[in-house]
Each structure stands twice: as C-alpha cells, then as structure tokens.
2 protein chains.
Amino acid sequence: MTHIDFAYPRDSNTQTNGKTDPAGEIHPCSACTVRTLTVCAALEAEELRRLAEILQTTRFDAGHTVFGEGDPAETLYNVTSGTVKVYKLLPDGRRQITGFLLPGDFFGLSVNDSYAYTAETVTPVSLCRFPRRRMEALLDEFPKMQRRLFSMASNELAAAQDQMLLLGRKTAKEKICSFLLLLSQRASRRGHKTNPVHVPMSRADIADYLGLTTETVSRTFTQLKTSRVISLLEGNKVQIQDMDDLLDLAEGA
Amino acid sequence: MTHIDFAYPRDSNTQTNGKTDPAGEIHPCSACTVRTLTVCAALEAEELRRLAEILQTTRFDAGHTVFGEGDPAETLYNVTSGTVKVYKLLPDGRRQITGFLLPGDFFGLSVNDSYAYTAETVTPVSLCRFPRRRMEALLDEFPKMQRRLFSMASNELAAAQDQMLLLGRKTAKEKICSFLLLLSQRASRRGHKTNPVHVPMSRADIADYLGLTTETVSRTFTQLKTSRVISLLEGNKVQIQDMDDLLDLAEGA
DNA sequence: CGATATCTTGAGGAATCTCAATACTAGTGG
DNA sequence: CCACTAGTATTGAGATTCCTCAAGATATCG
C-alpha cells in the first residue's frame, strides 16, 4: 500500500517517458477525469489552483521503474491513467506486490526520507508529480487537504488488513476470486463496467500480489473457467458468470 | 493495523473492566510514560490539555473484547499498558490477526462508521478512550495533531507492507524470526530491554498473526531452540542468542 | 513470419496443515 | 501442600495444498 485512493486526472500538455512539464496556464485539473475520487475532490477552487501550481505531469511506458526501494522520497504521485504496481523484495529475489494503483490512486508516501518499496508501471501510465516539500507546505496551509489525505490513508490501512487476511488465511482459489472481485469493485468506483473485468497485469504479477506462483494462478484460472465461474475473454478481460458465486468463493463460504 | 503508533500513558484514577471516568482535574497526561511515542508527543500544553479534557481511562482483564468487527466506531483508543490484538475473521472462523498493540499504540480508526476488525485484550490492559466526534473536532482545530496522526498512519502503512511481504513470501522459520525481531525492536523503541524479548501472546495468536498453525509455530520455536538461535526462558521470555543470525534468518539470507 | 516472452499443463516433491496423543502450566479446591 | 482440572504447548504421523522443475502451447512484437 501507501498508495492512496487520491486522485488526479488526465491532461493534454503531458510528455513521454519521464519528461515533465509545469502544468501551468491551462489548469489541467479542470479536465481531470479522476478528480472526484481523490484529494482534489474536497478542494475549493483556490486550493485546487495552488495544487495545480506545484504539479507536473509525466508519462511512462509499460515496465518502467518510477522509483526504487531506498531512493530518496522527493515526490508524491497520483495516477491519472494506466496501472502501476508497488512491491518489496527479499534479498534472494522473492517479491511481494503490495498494491496495484489505478487512475485516481495516490502513492509515494514515505516514512523516513526514502521509499520503502519500488514502483513500476504495468501499462503505459500518466502520473501527476507533486514535489514532497511543496506538497507538505500545502498540507499545512490547507487542513482540509491534510484531513482528506488522512482519511485516504485510513482507507488504505483497511485495504491492507483485508489483504493480510487474504495472504495469511485464504486458499489459492479464494485468493483469485477475491482478486477478481477487488478489480471489479475498483472498476465500479471509477465508473467503469464491473463485469467483463479488465486484468492488465501478468500472471506473474498476480502471483506476486497473492502470494502464489504463476503456475498456481494459471491452474486456478483454468479451474474457475472449467467450473463455469468465469470465462476468459480477449484483451485480458475476465467475464464473471455468477457474481454471487464468486463472492461466496472469495470467502470460503 | 489501523492501530497507530500514537501514545498515551498510565494514570492513577482509572477503573476496572470497562468502567471509565473523566480524567479531569489531575491532568493524567503529565504522568504518562508513553507520551513521547505518540500524537501527544507533538503537542503544546494547551493542546494536551484539550486532549485530556475529552479523554477517559479504562481497564480491561485479559481476553476482553474491546469492540467487534461491524460495531459502530464511536471511540478511538490508545494503549497505555498491556497488549491488545486486532483481527479479522472469515465466515468459517479462520482468523487473521493484523496487529498487536503495545503501550503507545493507537487504534480504532474506521472507514465508514463501523470498525472493520475486532479488538481484544491479550493481557490486562489500560486504555485511553477518545470519543471520535470530539477527537475529530480537535483534529480540525489543531492541524499539528492531524499531521502527527497522518504521519503515524503512514508508518502503519509501511508496517502493513512489511507484514504482507512476510505473509506472502516468507517461510515459517523466516516468519518466526521476523516476529521476534519485531517484538525486540518495538520493545527497544519503548525503552525496554531488547534482548530477552517478552512474548505475551499465545502460540495460537502468533500463528494467526503469521498465517501459520499453532503446531507449526511450536515446531519452529523448537527448531530455533535446537539450533541455538534462541532459548526459551521463564515468563514468556525469549532469549535471542545471536541477533545477527536472527536478522539473516528473518530475510532468508 | 520468426523470435521471445508469457501462459498453460503435467509430474513429482516439499512445506505446512490436520488429526491425534502426550506433556506441561496455572489455577482451584480439598 | 497436594491432587485435579482446564487450558496451552509440544510432538508425531499422515494428508494436502501448493511449489518446483520441465515441456509444450499461445500470444506478442518487431
């Protein structure tokens, strides 16, 4: 986690692959499609303007590392399009993905002054960048933003607890079903179709998110397909045949 | 999680088993031993006084449920002595403990208006209770408190990510070693001895925290004892024989 | 259309769980 | 002070889920 269900939207004057530009005159926020989901949702015009002042937009290809574990934490990010994964590694390379970040999600919070995890793009991604110092200054100035951010952190904590329950106590099948439901629910919150669920990440990424191997993920998908709970469609889409079934399967009921 | 490394200390005019009393005249905070660890650390005298005004102290025996998953979230808590566990259940009774709360830790944050987990005492416990509404009002009034709380929530998120890595990717032995180190480090932060580590919780609780069974926890302890990494002492204490060994074992190195 | 990565499927193995018995500990009452 | 009880911890044996290793199928991209 430490990606927060914040939000900030798309813009036109963006550039590609790490090149950023001040989002100056045009006030990009006005066009933002994910604003309602995030910090920005709560802001007055003035606050939004000040936020826009310090913000830059960036674009990355798929598979790009936004920052690595241990890097100095100088920037906060908000996803405006695409999917980002954040993960931690063990010395021998075992990996745990702690979250997938979708448009409107916020990430880059740090504890001391370095990131405690790596952030990498799963698909091509657009981001808003907030310099940390300036963001902190804004938070001090606008308690409402602070509070909003805190409330989003609380949501994150709740999600983290759910994920711990999943990792510690659910079976492979329950994990996969929970995962599909999560994607469906997050799509719904974003106003997208909930049913054919878009699953942009690889089997390996799903495995590292659920504490499984790619083989087990693949086998479990096959099994769910065979028992007619889901079907796999073109373009990384998963059709949920019976939502109630899936809900039960996700909790072992 | 959603227990936050906040703090608030012991007091004299406390009562037992759920009975509370206004912590009025005497200003209990002045005697607080865990104040430095928590929200209170950052506060001015005035802020502290206001906080003390809305606070009540409570005491519970071991094994008492402070609140249950789904209960209306009307109170925030701060542990001043003893240990509390917070957990979530699956319909069939499988349990995941998402955190053990020690003196100075804060808990009771909620997402909508109900608790997303159950909180239960492990040992006899003293708590400070803050009515949620009044606490929120104070947070609005004192941005510094808000910010402190947010920073503690960020710490929680980082801890949650560590726990996900543990649950998803570590072996039983690595889990147990990590757990002992965690207890040792938390003791250290509280100014307690780091080496014979006090482990107040049962094997079953440890198992439910680490995503194992009690049998596996027990076997792993025996194994670590046999290989002279730790030894088990009287009174739920664990002596760490070689801290560096343990650090390596915790990460699979 | 070929090269490369990703996904699926198979067979066997290993870590952990389940079930079951025994040992220990702490508290209770004689 | 000592047995007795109830809960907790340890140990054992076998079962099971999931992992590992390996091959083949499918998809993706230049």
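Here is how names work: the chains are called A, B, and so on, in the same order as the sequence lines, proteins then strands, and each is numbered from 1.
Protein atom CZ of B:F221 is 16 Å distant from nucleotide atom P of D:dT8, rounded to whole Å. Put simply, CD1 on B:I176 is 14 Å from C1' on D:dT10, counting in whole angstrom units. Between the CZ atom of B:R203 and the P atom of D:dT10 there is a distance of 4 Å, rounded to whole Å. Nucleotide C:dT9 holds its P atom 13 Å from the CG atom of A:L224, rounded to whole Å. Between the CG atom of B:L233 and the P atom of C:dT25 there is a distance of 13 Å, given to the nearest Å. Distance CG (B:L166) to P (C:dT16): 12 Å, rounded to an integer number of Å. Look at CD on B:E174: it is 9 Å from P on C:dT16, rounded to the nearest Å. Regarding A:Q223, its CD atom lies at a distance of 13 Å from the P atom of C:dT8, rounded to whole Å.
In plain terms, the two heavy atoms of B:V197 and B:I240 that are nearest each other are CG2-CD1, 3.7 Å. A pairwise comparison of heavy atoms in A:R190 and A:L37 identifies CG-CD1, 3.5 Å as the closest pair.
The residue among A:N236 and A:T216 whose nearest nucleotide of DNA chain D is located toward the 5' end is A:T216.
In this pair, A:F100 and A:F179 present their aromatic rings tilted. The plane angle is within the 30 to 60° band. B:H64 and B:F60 have parallel rings, their planes meeting at less than 30° on a 0 to 90° scale where 60° marks the start of perpendicular.
Proximity of A:I230 to A:Q239: side-chain heavy atoms (C-beta onward) are nowhere separated by under 4.5 Å.
Contact between the side-chain N/O atoms of A:T222 and the OP1/OP2 oxygens of C:dT9 is found at a separation under 4.0 Å.
Closest to the side chain of B:S218, out of C:dT16, D:dC18, D:dT10, is D:dT10. Side chain of B:R219, nearest nucleotide from C:dT18, C:dT16, D:dA22: C:dT18. With C:dT18, D:dT11, D:dC18 as the candidates, the nucleotide lying closest to the side chain of B:T213 is C:dT18.
The base of D:dC18 does not come close enough to the side chain of A:E215 for any donor and acceptor atom to sit less than 3.5 Å apart.
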